[in-house]
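The next block holds one structure in the form of structure tokens; read it before the comments.
Residue numbering restarts at 1 for every chain, and letters A, B, ... go by the order of the sequence lines.
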Amino acid sequence: MLTDYADRVLDVVDAIPAGRVMSYGDIAEYLGEGGPRQVGRVLAAYGGSVAWWRVIHADGTPAPGHDLAALARYQEEGTPLRSSVPPVRVHMREARWPGPDSEGAS
DNA sequence: CGTGTGACACGTA
DNA sequence: TTACGTGCCACAC
């Protein structure tokens with residue numbers, strides 16, 4: 001059963017375009033509720049249905065245990081990386097995505 | 001109902 | 001740059 005909050009999180013993650021990423025805190029801030037822990041918990045539970053690798057820490061490091069899988073996606077998606085080997089780090093300054101709002105923004 | 005833990009973030013050393 | 005401590009919220013025990 002997907003809670004309303006989980007549904008919002010998954011919706012935002014699914015909206016992240018290839019080559020772009022968002023931090024847990026960014027998503028929580030975009031939704032305006034909960035916190036980075038809640039976002040992470042949702043992805044850990046239902047992340048299997050979304051591009052969880054596009055959701056990473058504020059440092060640019062992917063989820064622990066899946067850093068290699070995420071790395072493969074980044075190389076495939078063309079995500080700007082600062083480090084191609086562990087500790088895998090995404091170039092947040094360039095890859096950070098403002099949110100779905102930027103798609104229809106004037 | 002108290003304690004521990006976690007796919008986090010931030011400040012400071 | 002890494003390491004440590006603290007605040008945050010939700011959940012398992």
| Pair assignment for dC9(C), Watson-Crick or G-U wobble, requiring both distances under 3.5 Å | dG6(B)
d([atom1], [X]; [atom2], [N]) in whole Å:
X	N	atom1	atom2	value
I56(A)	dA9(B)	CD1	C1'	14 Å
D59(A)	dA3(C)	CG	C1'	12 Å
Q38(A)	dG7(C)	CD	C1'	13 Å
Y5(A)	dA10(C)	OH	P	8 Å
D26(A)	dC8(C)	CG	P	20 Å
L31(A)	dC9(C)	CG	C1'	14 Å
W52(A)	dC8(B)	CH2	P	13 Å
E29(A)	dG7(C)	CD	P	21 Å

| Any chance CD of E29(A) has more than 12 other-residue heavy atoms, nucleotides or ligands included, within less than 6.0 Å? | no
| request: Determine whether any donor atom in the side chain of R37(A) lies under 3.5 Å from an acceptor atom in the base of dC8(B), or the reverse, and answer yes or no. | output: yes
| field | Distance-only donor-acceptor test, Y24(A) side-chain atoms vs dA7(B) base atoms, 3.5 Å | value | yes
| query | Taking NZ, NE, NH1 and NH2 as the nitrogens, is one of them in D26(A) or R96(A) under 4.0 Å from a carboxylate oxygen of the other? | reply | yes
[X], nearest nucleotide to its side chain (from [options]):
X	options	result
P36(A)	dT2(C), dA9(B), dA7(B)	dA9(B)
A63(A)	dT1(C), dA7(B), dA9(B)	dA7(B)
R89(A)	dA7(B), dG6(B), dT2(C)	dT2(C)

| task | Taking the side chain as every heavy atom from C-beta outward, state whether V88(A) and T61(A) have any pair of such atoms under 4.5 Å apart. | result | no
| query | So, is R54(A) near the phosphate of dA7(B), with a side-chain N or O under 4.0 Å from OP1 or OP2? | reply | no
| field | OP1 or OP2 of dA7(B) under 4.0 Å from side-chain N/O of H57(A) | value | no
| Can you check salt bridge (charged side-chain N to carboxylate O under 4.0 Å, His left out) on R20(A) and E77(A), steps first, answer last? | CA-CA 9 Å; R20(A) 291 284 181 278; E77(A) 299 288 322; over 6 Å; no
| message | Centroid separation under 6.0 Å, is that true for the rings of H66(A) and W53(A)? | response | no
Looking at every strand, decide which applies to [X] at a 4.0 Å heavy-atom threshold: base, sugar-phosphate, or nothing.
X	result
R41(A)	sugar-phosphate
G25(A)	sugar-phosphate
A58(A)	sugar-phosphate

